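Right, one structure below, let's go through it.
Owing to the predicted nature of the structure, the values given are computational and were not obtained by experimental measurement. Just so we're on the same page: letters track the sequence lines, and every chain starts at 1.
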Protein chains: 2
Amino acid sequence: MKKSSATRHTILEKAFEIIYTKGYQTTSIDEIIATTKVTKGAFYYHFKTKDEMGLAIINEILKPTMQNDFIKPLQNAKNPTQEIYDMTKALLLENPLLKLEYGCPAGNLTQEMTPWNAAFGKALSELILEWQQTIENSIKSAKENGTIRENVDPQQVAYFIMSGYWGIRNFGKVYNSTACYHSYLKELKIYLNNLA
Amino acid sequence: MKKSSATRHTILEKAFEIIYTKGYQTTSIDEIIATTKVTKGAFYYHFKTKDEMGLAIINEILKPTMQNDFIKPLQNAKNPTQEIYDMTKALLLENPLLKLEYGCPAGNLTQEMTPWNAAFGKALSELILEWQQTIENSIKSAKENGTIRENVDPQQVAYFIMSGYWGIRNFGKVYNSTACYHSYLKELKIYLNNLA
DNA sequence: TTGTATTCATACTAATTAGTATTTTTTATG
DNA sequence: CATAAAAAATACTAATTAGTATGAATACAA
């Protein structure tokens with residue numbers, strides 16, 4: 001009951017890395033078991049199908065990462081606009097897991113899988129909704145403590161910020177340069193300041 | 001020299017539609033020739049490889065569409081902030097080619113192909129750069145005629161707007177509802193008004 | 001130790017993939 | 001009409017794909 005769950009976890013972690021760089025559908029089981037040095041028998045003992053593994057990646061790898069890097073920085077926020085900016089900057093420029101040329105893992109999966117795989121869509125929308133609500137709540141609390149104007153709509157702002165993050169990640173990919181990140185961050189700061 | 005280029009064009013158009021909904025790599029030549037009712041011999045007469053066809057889609061299908069729906073509305077703009085808003089709204093809610101559940105064709109291709117196919121990356125970055133420069137120019141002209149503040153950075157604003165568009169397209173996909181589009185548009189209007 | 005369930009290993013299958021070789025039909029031009 | 005080139009049709013190949021069938025180790029409780 002110990003070594004077994006370890007192999008399961010290494011499969012998920014390695015598979016996540018490959019999928020993050022290459023996409024879900026173009027990542028083959030054969031490639032996953034080759035890099036993890038796990039046999040096909042072991043793989044299919046832990047996961048009934050490839051999609052079951054994909055969903056496990058969302059729930060057991062992506063979700064905790066999201067929790068740690070996208071949710072926690074905004075909880076108990078004292079100055080939400082500042083913390084949102086800091087988090088975005090950290091995600092774009094400092095996070096060791098996220099790479100310029102590979103975009104946002106959740107964004108990638110959303111774009112690739114959502115239109116034709118309902119199970120992935122559901123798992124991802126739950127993930128994303130959590131982030132959205134965290135941002136909304138931080139805006140609400142900022143309205144209460146007066147650091148943000150009364151007439152600001154938290155949901156609108158959340159969509160605006162999240163969209164911007166996903167979008168600029170795509171720009172990073174296509175231009176393959178952090179220059180657009182810096183440019184984006186400057187404008188984000190102006191936008192956030194205008195909420196006060 | 002006439003019927004031939006017609007079959008070539010139908011291949012590109014049909015292939016584009018399938019790729020838009022399913023992604024490039026999961027769209028097989030067999031599926032393309034089945035839906036276009038063109039034989040494999042004809043396909044490979046017109047395109048040496050699948051990638052050659054993919055690049056032709058970018059240059060011969062995506063580019064003109066981009067020109068028409070993303071560039072033209074901003075040229076000779078008299079009130080850029082208004083026209084940027086109108087264009088975004090039209091793209092999100094009124095464009096008959098773009099579907100809620102399938103996102104932005106250029107964005108999809110960028111995310112899927114850019115990390116590991118340099119030719120696609122180059123073609124797409126050229127496409128996107130054109131849009132970016134059009135937005136920047138419209139901001140510049142608005143600064144000149146005084147409808148936008150002097151201290152606004154056109155490039156930053158361009159990135160911010162384009163990122164938002166790409167990002168909210170992803171949200172439309174995952175939530176599968178135009179509600180987030182409306183919410184986003186409201187906030188976009190506020191953001192654009194703040195540029196004045 | 002022995003037996004039993006868990007975990008993993010090996011060798012396969014059927015379907016799908018991009019691409020090719022070859023032949024046939026169509027088109028344009030003298 | 002004749003003919004050469006362009007355009008398209010047919011039948012294949014070799015590689016890759018997700019998944020399976022079956023057998024072998026391993027762990028662990030009695």
Side-chain angles (χ1 to χ4, degrees), chain A residues 1-58 60 108-109 112-113 115-120 123, chain B residues 1-58 60 108-109 112-113 115-120 123:
Chain A
M1 289 276 192
K2 207 63 192 299
K3 178 133 177 280
S4 160
S5 68
T7 57
R8 181 193 154 92
H9 197 254
T10 51
I11 291 173
L12 288 179
E13 283 202 321
K14 281 281 174 194
F16 165 75
E17 279 174 38
I18 306 174
I19 289 167
Y20 174 40
T21 64
K22 297 197 5 167
Y24 176 81
Q25 307 196 235
T26 47
T27 297
S28 70
I29 311 282
D30 284 336
E31 190 177 352
I32 292 171
I33 66 177
T35 59
T36 55
K37 265 145 193 165
V38 153
T39 61
K40 193 160 272 197
F43 180 94
Y44 278 98
Y45 172 77
H46 288 286
F47 308 102
K48 249 170 78 177
T49 64
K50 187 187 177 185
D51 281 8
E52 189 175 301
M53 180 211 62
L55 292 171
I57 287 178
I58 296 177
E60 296 169 43
N108 294 357
L109 269 181
E112 184 184 0
M113 305 300 287
W116 60 274
N117 189 310
F120 275 70
Chain B
M1 289 279 191
K2 206 62 190 301
K3 178 131 178 282
S4 160
S5 68
T7 57
R8 180 194 154 92
H9 197 253
T10 52
I11 291 173
L12 289 178
E13 282 203 320
K14 280 283 174 194
F16 165 74
E17 279 175 38
I18 307 175
I19 289 167
Y20 174 40
T21 65
K22 299 198 4 170
Y24 177 81
Q25 307 195 238
T26 48
T27 297
S28 70
I29 312 280
D30 284 336
E31 190 177 350
I32 293 171
I33 66 177
T35 61
T36 55
K37 267 145 192 163
V38 152
T39 61
K40 193 159 270 195
F43 181 93
Y44 277 99
Y45 173 77
H46 288 285
F47 308 102
K48 248 170 79 177
T49 63
K50 187 187 177 185
D51 281 8
E52 189 176 299
M53 179 211 63
L55 292 172
I57 287 178
I58 296 177
E60 296 169 43
N108 294 357
L109 269 181
E112 183 183 359
M113 305 301 287
W116 60 275
N117 188 310
F120 275 70

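- Partners of B:T36 according to the side chain to side chain donor-acceptor pair (under 3.5 Å) rule, which considers only residues two or more places apart in sequence or in another chain, do not exist here.
- In this structure A:Y24 satisfies the ring pair (Phe, Tyr, Trp, His ring centres under 6.0 Å) test together with A:F120, sequence neighbours excluded.
- Overall, the helix from C:dT1-D:dA30 to C:dG30-D:dC1 carries an axis bend of 0° between its ends, with five pairs at each end and the value rounded to 10°.
- Among residues two or more places apart in sequence or in another chain, the ring pair (Phe, Tyr, Trp, His ring centres under 6.0 Å) test is passed with A:Y44 by none.
- As judged by a 4.0 angstrom heavy-atom cut-off over every strand, B:T26 is placed among residues making no nucleic acid contact.
- A heavy atom closer than 4.0 Å to some atom of DNA chain D occurs in B:T7, these being the qualifying members of residues 6-24 of chain B.
- Each salt bridge (charged side-chain N to carboxylate O under 4.0 Å, His left out) pair with one or both residues in residues 44-54 of chain A, not counting sequence neighbours, would appear here, but there are none.
- Annotation: side chain to side chain donor-acceptor pair (under 3.5 Å) contacts of A:K40 (sequence neighbours excluded): A:D30.
- Contacts between residues 29-43 of chain A and DNA chain C, defined by a heavy-atom separation below 4.0 Å, involve A:T39, A:K40, A:G41, A:A42, listed by number.
- Contact check of residues 44-53 of chain A against DNA chain C (heavy atom, cut-off under 4.0 Å) returns A:Y45, A:H46.
- Residues satisfying the side chain to side chain contact (heavy atoms under 4.5 Å, CB included) test with B:A119, not counting sequence neighbours, are B:L55, B:N117.
- Sorted by first then second residue, the salt bridge (charged side-chain N to carboxylate O under 4.0 Å, His left out) pairs that include residues 8-27 of chain A, not counting sequence neighbours, are A:R8-A:E60, A:K22-A:E31.
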